**Q** 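Sharing a structure below in structure tokens format, with a few things to ask.
In what follows, every chain begins at residue 1, and chains take the letters A, B, ... in the order their sequences are listed. FYI, side chains are in, hydrogens and waters are out, and symmetry mates aren't considered; it's all heavy atoms of this structure. Quick caveat: nothing in here was measured; it's all calculated off a predicted structure.
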Amino acid sequence: MLGIYVHIPFCEKKCNYCNFASFVENNDFIKRYVQAVCKEIENSDYRGEEVDSIYIGGGTPSLIDAKHIDEILRCIYKNFRVDDDAEVSIECNPNSLTYEKLLIYRQANINRISLGAQSLDEEELKFLGRIHTPLQVFEAIANIKKAGFENFSVDFILGCHSASFKKFKRWLGQMIDLDVKHISVYMLQVEEGTALDRLYQKDPSVVLDDKKTVAIYQKISKFLKKNRFIHYEISNFAVDGFKSRHNMKYWSGESYLGFGLSAHSYSGRERWANANNFQDYFAGQLAFKEVLSNRELIEEHIMLGLRCEQGVKIDYLKTLGLDIAKDENYQKLLKKRILFQINDRFFLNEKYIPLCNRIILELL
Amino acid sequence: MERLDKIRNFCIIAHIDHGKSTLADRLIEKTGTLEKRDMQSQLLDSMELEREKGITIKLTPTRMLYDFDGERYTLNLIDTPGHVDFTYEVSRSLAACEGAILIVDATQGVEAQTLANAYLAIDNNLEILPVINKIDLPSARVEEVKQEIEDVVGIPAMHAPCISAKEGTNIDDVLKMIIKEFPPPKGDKNGKLKCLIFDSYYDNFKGAICLIRVFDGSVKVGDKIQMMHSGKVYEVTEVGIFVPFIKSCDKLQAGDVGYIAASIKNISDIAVGDTITSSQNPTEKPLAGYKKVKPVVFCGIFPVDGAKYNELKEALEKLKLNDASLEFQPEVSGALGFGFRCGFLGLLHLEIITERIEREFNLDIITTAPSVFYHVHKTNGEVLELSNPSALPPQVEIDYIEEPFVKASIFLPPEYVGAIMELCQDKRGEYKDMVYLDKGRVKLVYLLPLGEIIYDFFDSLKSRSRGYASFDYEMGDFVRSDLVRVDILLNGEKCDALSLIVHKDKAYQRGKALVEKLKKIIPRQLFEVPIQAAIGGKIIARETVSAMRKDVLAKCYGGDITRKRKLLEKQKEGKKRMRKIGSVEIPSSAFMSILKLDDDGK
């Protein structure tokens, strides 16, 4: 079944580490954008197909008027066959998410909230360029629960120079007490051209060094698992039954459609992306469209499979023409216990998650 | 007037950067040999690389016509390569002339190559005309430099033309002096043919071409000629002159400078310094001074992509077409696979060839650190000649090793004498002589191992004298030395391409510096990598590259997948450029790192 992603590329202010397509724009412009997105949905070649997940991401979807979100969802429901128990998520920022908006979201069929907390330390939030306070995170969670959402996720970033497991343990403990069902912990990445990059170039010690980051990450994983969370993807942890269905589609090679600026779609062997500037997007242009070769499908499957608890399907690789069992590097990695194989699948030893890219490279 | 009286054969000699090519350009321009618009600046430096480096490697002679006192004179300019690597070629070019213009920079004065080249010219019985260049510069000190030439070189210089080649000042003075000062060539056009080969090049249509000076007799199309040293006989298909592009003519005769084409297949069939005579009516004695040129610096060259071995071979073969002094033979390295062991006249020659392979043939190559030629005397009486450290037999089989030494002359201001003497001692030099040339200049003479000179001598010399020291050397004898091989082990496995032969007293220091350098170059791997230096089985230094901690993409959602896959593909390409020694991946650049050990220490 299809997943649908809608990109809302607007923010009150760009975060220091962010290199996503997001802009600060006025309400008229946002209105025009929402109309363009709805038009794109109405004109989709996939109209009428069955959909079991919708994800509204950004940017900051909670920033814009909630009626726009409602408008977009109505448009999707009108043009696609959305399952009754579809997962419908929206990304929210603690400072722009109000109780009123949450009520509108509920009425628009949204049943999952992803809250970008990133940190619960005032200094760290400032360093990351976030415009909310730790207190607003707790208020937002209270509102989410009050509005009746059971399924919600909180995002954290690991990598500020002042990070420690002690702090994380406290924060994560609080989240667990608040009955958070899904937690993402992203290791901070210094992306080229970002404000963080400029700080980092001047003084690399503004971010936590790799050794400490990895040590804290391993402890976080252990701590969350002890608290009934499943570590189901490199940066994602969920209580049983609360994994993000939509995100799983990305990692398991299922089809998804992306609407909005720079949104990516994938179906069959094709992947395409909308233009990443408004002018071209409004003109209906694509940034690219590619047809994946067997080789590329293999690469993606390995790359994504190793990130996840479900691993890589050996038989699937075989249908694409790769008998991995015969690969010398694969056998070496098995022998070194970096990979392990159970029946028809192979997995990455958890100890080596922080070196995932390197291991993938060995297999390509 | 006799025909010969109206010919002048001459060359220009100078220290690097004193303005040789610029003056040559001005002479060509002034004599109207080429229209100004046809002139590419520094025309004689015909290769792109030469122009870029500002040095002349390949000689291109030029015939110019100049009217003086109602007579038309033929001036043949034979350019010379101004670098110590090509001393023999310079000497053969000089042997083709009667006169030499010695350019001296009015701001710099006499430098090491000024003197080395002047002595070469004196050895060849050339008339020397000093010319003071760059008088347009505010720091020019014309009178002092004239005095310096008289004192240091020992030739009269008070009437030397003072010019600015850059601005074209007083170029006529130089032309007049060439006619007045340089003797016309001697020779008998009816005598037995005697031509000196002073250079050669390869032409795709005509085959290998000899650049010659005719001393006696004459040569024309259809003549049967013989190379006196190789004994090979050819039939002349074309003769001609350089204006400065080639122009065929009926014949060349005594006193002339020009070229001979004779369907010669390989440039290696033409030996610079050899004498061409007639095969039917040969001269009894060849011209003096012939010497077989031997490479003195060696290195391994390997394709980065092992599949490109044949392309590399073709590139080397093509380069050899135009460069007989380049030698190469196949080599197999455990670390680098199939490649070639190549021999060069010196470091500059090495640098030029490797750059041309990369640039003109678009090949990515790995070069191993340069080495010299050793004579290895084994205990069983056998003598091995080798340049490749990994070919060195086990220590127990070696009686002793000899290494080549050079006689180095260093010119420098007196305040740097202490620092440079220290450098020479550090490089195992043997002090020979020190002469105060004048109050601002000292000449130091040392015997130095060539192996130390190719290591980093030149850079150290420049940095320790703030660029003021200049340097020239001539090859000397092989001397017995206490040499050992230092091996490098990566994760316990020996990497043959990183082995080096060094003096025993320096083995520890060099081994330590090398492992420290490799630690910086070798990227972190999944596991810890020990880097060790060893002599025989004994470890003398160790460093460790700690294991990589983190290389992971935190977010990988819809839009990230394509980006990530492309990034992986790029990394995969980068990985191909790495060499695998056992399980350790090392970048290609590591193999040249042996050369530049001191960089980071400063």
**Q** Applying a heavy-atom distance below 4.5 Å, give me the residues of residues 533-550 of chain B that approach chain A, sorted by number.
**A**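 Against chain A, the residues of residues 533-550 of chain B that fall inside the cut-off (heavy atoms, under 4.5 Å) are Met548(B), Arg549(B), Lys550(B).
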**Q** Asp197(A) side chain to Gly193(A) main-chain N or O, any donor-acceptor pair under 3.5 Å?
**A**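 Checking the backbone N and O of Gly193(A) against the side chain of Asp197(A), a donor-acceptor pair under 3.5 Å is found.
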**Q** Where does Ser262(A) contact chain B at under 4.5 Å (heavy atoms): side chain, backbone, both or neither?
**A**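 Neither; nothing under 4.5 Å.
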**Q** Do Arg341(B) and Ser371(B) meet the criterion of a side-chain donor-acceptor pair at a distance under 3.5 Å?
**A**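 There is such a pair (donor and acceptor under 3.5 Å, judged by atom type) between the side chains of Arg341(B) and Ser371(B).
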**Q** Ring pair (Phe, Tyr, Trp, His ring centres under 6.0 Å) with Phe168(A): which residues, sequence neighbours excluded?
**A**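 By the ring pair (Phe, Tyr, Trp, His ring centres under 6.0 Å) rule, Phe168(A) matches Trp171(A).
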**Q** Give, as side chain, backbone, both or neither, the part of Leu158(A) having an atom under 4.5 angstrom from any heavy atom of chain B.
**A**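 For Leu158(A), neither part sits under 4.5 Å from chain B.
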**Q** Using modelled atom types and a 3.5 Å cut-off, is there a donor and acceptor pairing between side-chain atoms of Arg485(B) and backbone atoms of Pro389(B)?
**A**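 Yes, because the side chain of Arg485(B) sits within donor-acceptor range (under 3.5 Å) of the backbone of Pro389(B).
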**Q** I'd like to know if the side chain of Asp496(B) and the backbone of Ala335(B) have a donor-acceptor N/O pair within less than 3.5 Å.
**A**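 It does hold such a pair.
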**Q** Let's test your reading of the structure: which of Tyr266(A), Tyr256(A), Tyr352(A) forms the most heavy-atom pairs below 4.5 Å with chain B?
**A**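 So the answer, after comparing Tyr266(A), Tyr256(A), Tyr352(A), is Tyr256(A).
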**Q** Which atoms of Tyr55(A) are under 4.5 Å from chain B, going by heavy atoms: the side chain, the backbone, both sets, or neither?
**A**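 No part of Tyr55(A) comes within 4.5 Å of chain B.
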**Q** For atom NZ of Lys512(B), is the number of surrounding heavy atoms from other residues, nucleotides or ligands below 6.0 Å larger than 12?
**A**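 Atom NZ in Lys512(B) is not packed in, count stays at 12 or less.
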**Q** Tell me, side chain or backbone of Glu290(A) under 4.5 Å from chain B's heavy atoms, or both, or neither?
**A**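 For Glu290(A), the side chain is the part near chain B, not the backbone.
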**Q** Would a distance-only check, ignoring hydrogens and angles, find a side-chain to backbone donor-acceptor pair under 3.5 Å from His301(A) to Leu304(A)?
**A**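 Answer holds: no.
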**Q** So which of Glu296(A), Met187(A), Glu233(A) has the biggest tally of heavy-atom pairs under 4.5 Å with chain B?
**A**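 Result: the option with the highest number of such pairs is Glu296(A).
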**Q** Under the 3.5 angstrom rule, does the side chain of Ser235(A) hit a backbone N or O of Ala554(B) as a donor-acceptor pair?
**A**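 A pair under 3.5 Å: yes.
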**Q** Against chain A, label Lys555(B) side chain, backbone, both or neither, depending on which of its atoms sit under 4.5 Å from a heavy atom there.
**A**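 Both backbone and side chain.
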**Q** Do you know which of Lys332(A), His246(A), Arg271(A), Lys249(A) has the most heavy-atom pairs with chain B at a distance under 4.5 angstrom?
**A**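 Going by pairs under 4.5 Å, I would pick Arg271(A).
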**Q** Without swapping roles, check the side chain of Gln331(A) against the backbone of Glu328(A) for a donor-acceptor pair under 3.5 Å.
**A**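 No, the answer is negative, given that no donor and acceptor are paired below the 3.5 Å cut-off.
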**Q** Under a 4.5 Å heavy-atom cut-off, does chain B meet the side chain of Met303(A), its backbone, both or neither?
**A**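 Contact with chain B: side chain only.
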**Q** Count the heavy atoms belonging to other residues, nucleotides or ligands that lie under 6.0 Å from CZ of Phe361(B), then report whether that count exceeds 12.
**A**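 Correct, the count exceeds 12.
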**Q** Just one of Glu40(A), His264(A), His7(A) clears the side-chain hydrogen bond (donor to acceptor under 3.5 Å, both in side chains) bar with Asn274(A), so which one?
**A**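 Only one option passes, and that is Glu40(A).
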**Q** How about residues 354-364 of chain A versus chain B: which residues have heavy atoms under 4.5 Å apart?
**A**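 Residues in range: Pro354(A), Leu355(A), Cys356(A), Asn357(A), Arg358(A), Ile359(A), Ile360(A), Leu361(A), Glu362(A), Leu364(A).
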**Q** Just wondering, are more than 12 heavy atoms of other shown residues or ligands nearer than 6.0 Å to NZ in Lys580(B)?
**A**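 Yes.
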**Q** Under 6.0 Å from the NZ atom of Lys289(A), do we count more than 12 heavy atoms belonging to anything else shown?
**A**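 Above 12, so yes.
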**Q** Should Phe340(B) and Tyr309(B) be marked as a ring pair (Phe, Tyr, Trp, His ring centres under 6.0 Å) after you check the CA-CA gap, both sets of side-chain angles, and the distance that decides it?
**A** CA-CA 9 Å; Phe340(B) 295 92; Tyr309(B) 172 80; 5.0 Å; yes
**Q** With a 4.5 angstrom heavy-atom cut-off, which part of Asp209(A) approaches chain B: side chain, backbone, both or neither?
**A**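 Contact with chain B involves no heavy atom of Asp209(A) at all.
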**Q** Can you name the residues of residues 522-532 of chain B that have some heavy atom under 4.5 Å away from a heavy atom in chain A?
**A**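 Counting heavy atoms that sit under 4.5 Å from chain A, the residues of residues 522-532 of chain B involved are Arg524(B), Leu526(B).
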**Q** Assess whether atom CZ of Phe288(A) is packed by more than 12 heavy atoms of other residues, nucleotides or ligands within 6.0 Å.
**A**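 Counting other residues, nucleotides and ligands, CZ of Phe288(A) exceeds 12 neighbours.
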**Q** Surrounding NZ of Lys572(B) (heavy atoms of other residues, nucleotides or ligands, distance under 6.0 Å), is the total greater than 12?
**A**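 Counting neighbours around NZ of Lys572(B), more than 12 heavy atoms of other residues, nucleotides or ligands fall under 6.0 Å, so yes.
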**Q** What verdict does the side-chain contact (heavy atoms from CB on, under 4.5 Å) test give for Asn236(A) and Trp251(A), after you've listed the backbone C-alpha separation in whole Å, the side-chain angles of each residue and the deciding distance to 0.1 Å?
**A** CA-CA 12 Å; Asn236(A) 288 284; Trp251(A) 304 320; 3.3 Å; yes
**Q** Quick check on Tyr186(A) against chain B: is it the side chain, the backbone, both or neither that has a heavy atom closer than 4.5 Å?
**A**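 Both backbone and side chain of Tyr186(A) come within 4.5 Å of chain B.
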**Q** Below 30° counts as parallel, above 60° as perpendicular, anything between as tilted: where do the rings of Tyr250(A) and Tyr557(B) land?
**A**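 Tyr250(A) and Tyr557(B): perpendicular rings.
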